[in-house]
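Have a look at the structure below, then the notes.
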Number of protein chains: 2
Amino acid sequence: MKTRERILYKSLELFNELGEPNVTTLLISDELEISPGNLYYHFKSKSDILINLFAWYENEMGALLEVPDGILDIEDQWFFLHLIFETIAKYRFIYNDVVHLIKQHESIRVRFNRIVKKKQHASLKILKSLKKEERLNATDDEIEALCENIVQTATFWLSYSVLSDAQLPDDSLARGVYQVISLVAPFLGKEQRDQLNELKTAYL
Amino acid sequence: MKTRERILYKSLELFNELGEPNVTTLLISDELEISPGNLYYHFKSKSDILINLFAWYENEMGALLEVPDGILDIEDQWFFLHLIFETIAKYRFIYNDVVHLIKQHESIRVRFNRIVKKKQHASLKILKSLKKEERLNATDDEIEALCENIVQTATFWLSYSVLSDAQLPDDSLARGVYQVISLVAPFLGKEQRDQLNELKTAYL
DNA sequence: GTCTATAGGAAGATAGAC
DNA sequence: GTCTATCTTCCTATAGAC
């Protein structure tokens, strides 16, 4: 692996573990056993590293959010949400720091906002096709509020779960998925609510 | 107002506006037109200021969470939640920074966690009495998941709403209250769902 | 591409006079 | 209680040799 890439991977690891503001360029270079000067040969600033990592995240999450066409079964939703949560976990420093990140980098505010909009759009799409298929029983107002709650929960579940347990426990992804589906469940038919319970016992 | 108090109020204001890590002791003293030395006469460190503000928050939120006995009507819930959201808004630097705050101050982790537990306990209490009165129709599993979602939404709604709008808009508190009640609504009877819609048109 | 050395600056905190 | 002056430390970033 080229040095440039090694720097990015190590930064991601350290940002996630310690939070971006607590990771110095010196720490990154130390951990990689290269000189700080070398790091600055590859990146002109610490922000530069951050922006590059954000671009990674943006691409991965963006790609995921393209596909939610024809996701109808609870199991498909479970799987889809799990992929979303994995991506969030992979770049959790962004989520833990959002408010600061967007305050300090206007460009990130715009781009992160675009992702949030895409998430809302994806959930709306799924909910509307569920309604069309008469599997979901909800008014338009209810769907709108539900949509916001889904995205909000997906966005901050991991931050929330860190509050109780210092470490990120293994099952907290599955738990997040379960929480999101619980939001939709009361609007579903009996059959699908039972299916959710099965999934719960299987994964939690 | 004594200098000590003025420092705390100004710090709270600046922490909320800029985020705690971006507020220096020099900035605080500048804004108050006192010397940095004077600030350090009253507080032995920046953390010391933070811990004091956290204690304020802890007291106010703790007091609020003592009372949710006999809250049954949607309107009472609306009012109660509004008080909660106001307190969160007042100390929003804590919520925007939770993950860092608890990583850097173990004592805050424990204390914030205690508040979260109290919040869960309060919602559980309300939900259980609603069920007992047969106004709420949900299984124990559903109530448990609902409870988590309520607290999660209440905790991070403000951070979430900052993502789309740079400023905190006036109605975002009411919007947060509405989102939380929307979580409960599908488990309520028709009469109370209508009541929620009335409240929505009244406040949003 | 990589190193060493160091500039330049900001932030937290203290000493001592008034 | 409050001020000025200053110390120390830490961090980002650059210069210049190899």
Side-chain angles (χ1 to χ4, degrees), chain A residues 1-55 93-94 96-97 99-108, chain B residues 1-56 93-94 96-97 99-109:
Chain A
M1 194 159 40
K2 297 267 179 243
T3 304
R4 193 189 146 85
E5 266 201 307
R6 290 180 61 223
I7 294 171
L8 286 172
Y9 279 109
K10 182 56 80 180
S11 303
L12 176 56
E13 187 187 324
L14 292 170
F15 285 178
N16 279 337
E17 193 183 337
L18 305 170
E20 180 269 330
N22 304 314
V23 177
T24 67
T25 48
L26 202 70
L27 176 62
I28 301 171
S29 51
D30 266 10
E31 289 270 316
L32 289 169
E33 290 176 341
I34 63 173
S35 68
N38 192 355
L39 185 147
Y40 277 95
Y41 169 78
H42 291 283
F43 295 93
K44 73 171 203 294
S45 68
K46 194 181 151 187
S47 291
D48 192 17
I49 298 179
L50 188 110
I51 303 282
N52 271 277
L53 287 177
F54 188 84
F93 78 96
I94 296 177
N96 290 340
D97 283 302
V99 182
H100 290 145
L101 244 49
I102 63 178
K103 276 206 174 135
Q104 263 146 28
H105 307 267
E106 175 65 15
S107 71
I108 288 193
Chain B
M1 195 160 38
K2 298 267 178 242
T3 304
R4 192 189 147 85
E5 265 202 306
R6 290 179 61 224
I7 294 172
L8 286 172
Y9 278 109
K10 182 56 81 179
S11 302
L12 175 57
E13 187 187 324
L14 292 170
F15 286 177
N16 279 337
E17 193 183 337
L18 304 169
E20 178 268 331
N22 304 313
V23 177
T24 67
T25 48
L26 202 70
L27 177 61
I28 301 171
S29 51
D30 266 11
E31 290 269 317
L32 288 169
E33 291 176 339
I34 63 172
S35 68
N38 192 355
L39 186 146
Y40 278 95
Y41 169 77
H42 290 283
F43 295 93
K44 72 170 203 293
S45 69
K46 195 181 151 188
S47 292
D48 191 17
I49 299 179
L50 189 111
I51 302 281
N52 271 277
L53 287 176
F54 188 84
W56 282 9
F93 79 95
I94 295 177
N96 290 339
D97 283 303
V99 182
H100 290 146
L101 243 48
I102 64 178
K103 276 204 176 137
Q104 265 146 27
H105 308 267
E106 175 65 14
S107 70
I108 288 193
R109 201 182 79 76

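By convention in this document, chain letters (A, B, ...) are assigned in the order of the sequence lines, proteins followed by strands, and residues within each chain are numbered from 1.
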Round to the nearest Å and state the distance from [X] atom [atom1] to [N] atom [atom2].
X       : N      : atom1 : atom2 : answer
B:Leu39 : D:dT4  : CG    : C1'   : 15 Å
B:Asn22 : C:dG12 : CG    : P     : 11 Å
A:Lys46 : D:dT14 : NZ    : C1'   : 18 Å
B:Leu14 : C:dA11 : CG    : C1'   : 16 Å
B:Phe43 : C:dT14 : CZ    : P     : 15 Å
B:Ile49 : C:dA13 : CD1   : C1'   : 12 Å

- Task: Can you tell me which residue pairs pass the salt bridge (Lys or Arg N to Asp or Glu O under 4.0 Å) test with a partner in residues 32-50 of chain A, sequence neighbours excluded?
- Result: A:Glu20-A:Lys46
Please write out each protein N/O paired with an N/O of nucleotides 15-17 of chain C under 3.5 Å, distance rounded to 0.1 Å.
none

- Message: Once you measure the plane-to-plane angle for B:His100 and A:His100, does it fall in the parallel (<30°), tilted (30-60°) or perpendicular (>60°) bin?
- Response: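 Correct class here is parallel.
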- Please state whether the phosphate of C:dT2, meaning OP1 or OP2, lies under 4.0 angstrom from any side-chain nitrogen or oxygen of A:Tyr41.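 So the side-chain polar atoms of A:Tyr41 never come under 4.0 Å of the phosphate oxygens OP1 or OP2 of C:dT2.
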- Can you tell me if the side-chain N/O atoms of A:Tyr40 get under 4.0 Å from OP1 or OP2 in D:dT14? no
Sequence neighbours left out, what passes salt bridge (charged side-chain N to carboxylate O under 4.0 Å, His left out) with [X]? Give chain and number order.
X        : result
B:Glu13  : B:Lys10
A:Glu5   : none
B:Lys103 : none

- Minimum heavy-atom separation for B:Phe93 to B:Asn16, with atom names?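 Residues B:Phe93 and B:Asn16, closest heavy atoms: N-OD1, 2.7 Å.
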Could you work out which one of [options] sits closest to the side chain of [X]?
X       : options               : result
A:Asn38 : D:dT12, C:dC3, D:dG1  : C:dC3
B:His42 : D:dT12, C:dA13, D:dG1 : D:dG1
A:Ser45 : C:dT2, D:dA13, D:dT4  : D:dA13
B:Pro36 : D:dT2, D:dT4, C:dT4   : D:dT4

- Message: Test of understanding: with side chain to side chain donor-acceptor pair (under 3.5 Å), list the residues that count as partners of B:Glu31, not counting sequence neighbours.
- Response: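 For B:Glu31, no residue satisfies side chain to side chain donor-acceptor pair (under 3.5 Å) once neighbours in sequence are set aside.
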- Would you please name every residue forming a side chain to side chain donor-acceptor pair (under 3.5 Å) with B:Arg4, sequence neighbours left out? B:Asn52
- Message: So if I take residues 23-34 of chain A and measure heavy-atom distances to DNA chain D, which residues fall below 4.0 Å?
- Response: A:Val23, A:Thr24, A:Thr25
- Residues in side chain to side chain contact (heavy atoms under 4.5 Å, CB included) contact with A:Asn38, at least two apart in sequence or another chain: A:Thr3, A:Ile34, A:Ser35, A:Tyr41, A:His42
